[in-house]
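Written out below as C-alpha cells is the structure these notes cover.
To find a chain, count down the sequence lines: A is the first, B the second, and so on, and within it residues start at 1.
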Amino acid sequence: MTTATISNIKELPSQYDHTAAQEKWYPFWEAPHPGYPGGYFHADPKSDKPPFTIVIPPPNVTGALHLGHALNNTLQDILCRMKRMQGFNVLWMPGTDHAGIATQAVVEKRLREEQNLTRHELGREGLVDRIWQWKQQYEKRILGQLKQLGASCDWQRTRFTLDDQCARAVRETFFKLFKDGNIYRGKRLVNWDTFLQTAVSDDEVFHEQVKGSFWHFSYPVIDPQPGEPEAVTIATTRPETMLGDTAVAVHPDPAKQLDKVEAELKEKLAAAPDKEKEGIQAQIDALAERRETVLPRLVQLRDMAQRGVMLELPLTGRQIPLIADIWAKPELGSGCVKITPAHDANDYDVWQRNQTIGAINILNTDGTLNENVPEKYRGLTVKKARQAVIDDLAAGGFHDPETDVEAREIDLAHSDRSKTPIEPYLADQWFVKMDELAQSAMDAVSDGRVKIIPDRYAKGYLDWLSEKRDWPIGRQLWWGHRIPVWSKEIDKLDPTALTNAKTSDEGWMVEGTFFGDQTDINFTQLSWVQEAVDADSGIVTRYVCLRSDDESLIYKLEAEGYTREDDVLDTWFSSALWPHSTLGWPGQTEALETFYPTNTLITSRDIITLWVARMVLTGLYNMDDIPFDQVYIHPKILDGYGETMSKSKGNGVDPLDVIDQFGADALRFGLAYLTTETQDVRMPVEFVCPHCNAVFKQTKKNRVLPRVGCDKCGQEFHTQWAQTEEDLALPRGTVTSERFELGRNFCNKLWNASRFALMNLEGYDPQPEALAPESLLLEDRWLLSRLATVTKLVTEALAEFRYADAARALYSFAWDDLCDFYVEITKARFAVPEQRGVAQRVLAHALDSLMRLLHPMIPFLTEEVWQLLNSVAPIRALTHPAGGAAAESVCIAPWPEVDESHIDADIERQFAQFQAVISAVRNLRTENNIPPKEAVSFSVRCDAATQALLEPMAAYFESMARATATAMGSDITPPERVASKPLEGMEVHLDISDFFDAEAEKKRLEGEQEKLTKFAKSIQGKLGNENFVSRAPADVVQAEREKLAEVEEKLASIEAALKKL
RNA sequence: GGGCGAUUAGCUCAGUUGGUUAGAGCACUAGCUCGACAAGCUAGGGGUCAUAGGUUCGAAUCCUAUAUCGCCCACCA
C-alpha cells in the first residue's frame, strides 16, 4: 500500500493521473483483504449484513459497449458502492446475454464477407461453434470495459444467458409451463425472407416506397336472391394471394361506421387550419355520396353474410364465405375486403375472430407457390404467379385489364439482411399463454410490490401487459436455447397414445409403456407430453418435452423416431429468468435464499415490456415472488442532433475512448451529473484527430465515412467504418464528447485540493479527545454546517435516484465552499502555529467525508486520496477519534452520517455576510482598475454584531482580496476618495486615493443606481397594487416592504456617494 | 393514429407546494504565473423562459390550444 510521506506528497503531480489510479486500485479492490477473502466486491451469502442485490442488465455479446451501457452501469455502480458503504452485503450480479438474432446475424455476416460461406454450408454445429468463439472474444472485451469503468461487480459469479446454469433454468421453466398447459403450438405470421429462408424480426425489416398497382376483381355470389348483387368487388395490391383467400368480409354495421367516420371528420374540420379545411370538406362530401351509392349495397351484403352466403373463388374451384367483420371499411373502395389469413397480418386477425374460415398457406419456404394452389400455379415465383392470376382472371371475366387497375405507390417491406421483399408467412410456432401470467405481473405493479421509477413508465408497462397477447417464443435460428421438445407423428390407434397426458400429475408414462421395458430412467419425472390432431388430415403429432439434457435420454427418444424442434427460444425467454437463474435456480442455493428477491433494477425505457415485464412474470411463476422491488428507468443518451446513438448511425462513442482521454472518474461523474429525471442526455459528438489532437464536430455526413480529414491539420484518419487495408493503415481517430470536460476538471480540482490538504497536514495530531466545540471558529462551523447539509442532501438524493442533484451538490460544495473559501482561509490560519491544529483537523475531516461521499461516483480518485490520507492522517474523525484508524479502503469505509447538530442556518447567514464583503471589495477593485498586486484598504459601515463577526476575519481579507480593513462599525468616517458599495445592512468603502478615477467610479455607481431604481419601481408597483396588498399572504407583503426599504437605503447611499464625487 | 416526454443564455442543462433582479458548466470579454490547481484564479457581459390565450394579487412553474423535436406502441388491403 502507499506509504506517503510529507516529502513525496510535495512531489505529487499537479494533474490527476487517472490512468495510474485506475491501474492501481481496481486490482487492489479485487484482491483478498482481511475479512474479505474474495475481495471487496464478492458477496458472501453467509454474511450477517443485510443483503442488497442488483442484477446487471446483461449486455449483448454482439459487440462492444457504448455510452448507454456506460451510463447504465455507472448508475448501478454508484448505488452498489453507496450501499456497500452503508453496511449492506452488496451483490452486483454481472453477466452477458447471448442475443440470438443480433449475434447470429453478425457472425453470419462475417462468414459471408470473410469466407463467402453461408450458415447452411457450415452447418448448425459449425455455426454455433463459430458464434461461441465470437462470444468468448466479445464477452472478454465487454467485461474488460466494465472493469475499466470501475464497476464493482461480483465477477466470481459472472453468468451468460446460454451457459449451463441458465440452460437448466430455461429447461425447467419451459417444462413447467409445458406441463401446466401454458405452452401451446399455434400459427403465427412471420416476416419471411425467401432468399435467406428464415424469419426476420420486425426491426430487421425496412420499408421502401415502390411503384405498384391496385387491381380490382369480382367474385361471383352463389345463388343470390332476386335483387341481390351477383358479385362482390374487392381490390388488392397482391393478386396472387387470392389463391389463399378464405373469405370476403363486409362491415357488420356499415351505416353506423359511416356515421362514426363522418363525426370524426367533422370534428377534425372544426379544429383544422383553413388551408386544410377544403380537403376535409371534400372527404365529408364524398362520404355523403357513398351513403347514396354504396351503403345500400353494403347493407344487403351484410345481410347476405349473416345468412351464410358463399362466394365462388375464381381459378380455384373453391367456395368461400362472405363474412361480417369490422376489418372491412365501408368508407373505402368497394367496402369489401378479401381475407388471406396466411399472408396478411390484418387478415390473420380476422381469422382469429372468425376461426371457421381457416387459413391456407400458399407459399413454399423459397417463395414459390406450393401444393395448396391449383396445379398450374405450383412452383411459380410470386412475380410470375401474379401475372398468371391476373391474366386468368381477365380471361374468366372477373377482371377488366382496361378499367380495373390503377397505379399506386406501395410501401413494401424488405429484409434488411438480404434486401429482398418480405413475404408474410404463416409458420408453426410455440406460444406461452399470457392471460394469468400477464395478470400476475400487472398486479405486482398496480398493488405497489414492484415500484417503477419515474412512475409514468408504469402506464406503458400496464397497457402492454393488459393486451395479454400470447408470447411467441420460437425463433428460426441456431444460436440460442433449442426448444426442448421432440415430436413424432403417431398412429391414432397406437396403444401408447394417451388421452390423460395433460391431467395426470404423474406425467404420461403411468404405465411405463413408452420405452417398452426400460426402467432405468425415471422418465416420468423428466418429460411431459402433449398431442395435437391436425383438423384436416387427422394426423396426430405427439410432442415430448424433456426437462433434462441427459444425453442417454435424448438418444433413446430419438431412437424411437422422435425429432427435435429446430427452433430456438426467443432471447428474452432466458433473460426473463435472469434474477433467479443467475442465483442458481432451480437449485435451492444459499445465494438464492439470501439474495432473492433482488432490490433494484436499473435499465433503460425501451425494454420495460420486453424484459422487465417478463422478469416480473417469470419471477412470480417460478419463485412465487417478485424479482425486485424497484425499477429505475434512466434517460437515454442522444447525440448532438437529438438522435439515439447507435453503431449503424456511426454516432456511437466508445466509453474506452472517453476513459483514455478523460478518465473513468470523469466519465462517471459526467454521466451522473447529466442524469436528471425527465431529460434525455444530449451529447454532441466530436472526432479527435490522432495527428494533431484537435477536436472537431462530428456531422451527419462525416460520421458514416471510413476516413475523415481533420478540420485543423487536414490529415486523414480512419473511423469505425474503415474496411479496406488502405483505410486501416491510417491512424484511428477516436470519437468523444466535450461533455466530459466538466468531470475531468472537477477531478483535477479535487486532486489539487487534496494535495493542498496533504501538504499542510504536516504535524497533524489526531488528539485523543473530541474537538471542543468552542475551539471552532466561524468558518469551521460554517464548513461543518455545509458538510452536514450536503451529506443529508446527497444521501437522500441517491436514495431516490436523483443522481444529478447529488452530483451538483457535491460539485458545488467541493468547489465553491471547500476550495474557494475554506481552503483559502486555512492558508492564513496555517501560517499561525496556534491556529494550525484545529484547521488541520477540520480540513482532514471535511476531506475525509467528501471522499466518502464522492466515492460512489468517483471511485479511483477517492481511493487514491484516501490512501494518501491514511498515511498522513490515519485518524480523522472529529468527535470520536478514539475509534481508531480509518478504513483500509474507502470503498468499505462507512457512509458519512448526517450530524444534525452541525447544521446551523445562523452561521451560514453570518458567513454569507463575510462572503458578500469579500466579493464587494474584489468587485470595487476591478471596477476601479486597481491592479491585483496593489494592496488596498477599506472600511465597512455596519452594526455591532456584524462588526464582531467581521473583525476576526481581517487576515482573510488580506490573503483573499489583498485588502486591509481599517475600520468597521456604525460610526466610521470613510476617507475622502472612496469607491462605495451598499450591501444588505452594510456599506463597503474602498479607499481609492492612490487610484482615483472619478469617471470610472461615477460610471459604476450610475450603473448600479439604474439597476436598483428599476428594481425599486417593480416593488413599488407591486405594493401600489391594492389587490396584492389585500390578497397576498401577509408575510409575502411584509417581505416586499422590507425589500423596498433595503433598496431605498442602498439608493440613498449611492446618491450620497455620487454627490461626493 | 394512440401514448409519453421535451422546448429556459451561442451550446449542454438545473430551476422544490406559483412569491427576491431566472442559475450552473462550456464558450465569450477584461485582468491575473502570490507555494494546491492555467484542466486554474478574480471580475464581467449575455435570457420577451417555443407561441397564443386563460386562471391568479402574482406564472419559467398551473390550465387550454398551436408549433417544433424526440421516444414507445399500433398501422400502412
Point to revise | A/Cys819, nearest nucleotide to its side chain (from B/C26, B/A36, B/C41) | key: B/A36
Output all residues satisfying side-chain hydrogen bond (donor to acceptor under 3.5 Å, both in side chains) with [X], sequence neighbours left out; order by chain, then residue number.
X	value
A/Lys697	none
A/Asp463	A/Lys459
A/Arg469	A/Glu467
A/His216	A/Glu406

Review point. Among all residues two or more places apart in sequence or in another chain, which pass the salt bridge (charged side-chain N to carboxylate O under 4.0 Å, His left out) test with A/Asp665?
Key: none
Contact class for [X] (heavy atom, under 4.0 Å): base, sugar-phosphate, or nothing?
X	result
A/Trp215	nothing
A/Tyr811	sugar-phosphate
A/Trp751	nothing

Table of protein N/O atoms under 3.5 Å from nucleotides 9-12 of chain B N/O atoms:
from	atom 1	to	atom 2	distance (Å)
B/U12	O4'	A/Arg739	NH1	3.0
B/U12	O4'	A/Arg739	NH2	3.4
B/U12	O3'	A/Arg682	O	3.2
B/U12	O2'	A/Arg739	NH1	3.4

Practice item. Tell me, please, which residues at least two apart from A/Gln840 pass side-chain contact (heavy atoms from CB on, under 4.5 Å). Key: A/Leu761, A/Tyr764, A/Phe830, A/Arg836
Point to revise | For RNA chain B, stems built from three or more consecutive Watson-Crick or G-U wobble pairs below 3.5 Å | key: B:1-7 with B:67-73, B:10-13 with B:23-26, B:28-32 with B:40-44, B:50-54 with B:62-66
Revision key, fill the gap. The single option from A/Asp245, A/Thr246, A/Asp347 that satisfies side-chain hydrogen bond (donor to acceptor under 3.5 Å, both in side chains) with A/Lys338 is A/Asp245
**Study point:** Protein-to-nucleotide contact annotation, 5' to 3' order, nucleotides 28-35 of chain B [B base; S sugar-phosphate only; - none; under 4.0 Å, heavy atom]
**Key:** ---SSSB-
Under-3.5 Å N/O pairs linking protein and nucleotides 16-23 of chain B:
none

Name the atoms and distances for all side-chain donor-acceptor pairs under 3.5 Å in residues 813-827 of chain A, with sequence neighbours left out.
from	atom 1	to	atom 2	distance (Å)
A/Asp817	OD2	A/Arg786	NE	2.6
A/Asp817	OD2	A/Arg786	NH2	2.9
A/Tyr822	OH	A/Asp780	OD1	2.5
A/Glu824	OE1	A/Lys827	NZ	3.3
A/Glu824	OE2	A/Lys827	NZ	3.2
A/Thr826	OG1	A/Val823	O	2.7

Study note, to complete from the structure: Contacts of A/Phe740 meeting ring-ring contact (aromatic ring centres under 6.0 Å, His included) (sequence neighbours excluded), chain-then-number -> none
Point to revise | Any side-chain donor near an acceptor of the partner, A/Gln661 and A/Thr736, under 3.5 Å | key: yes
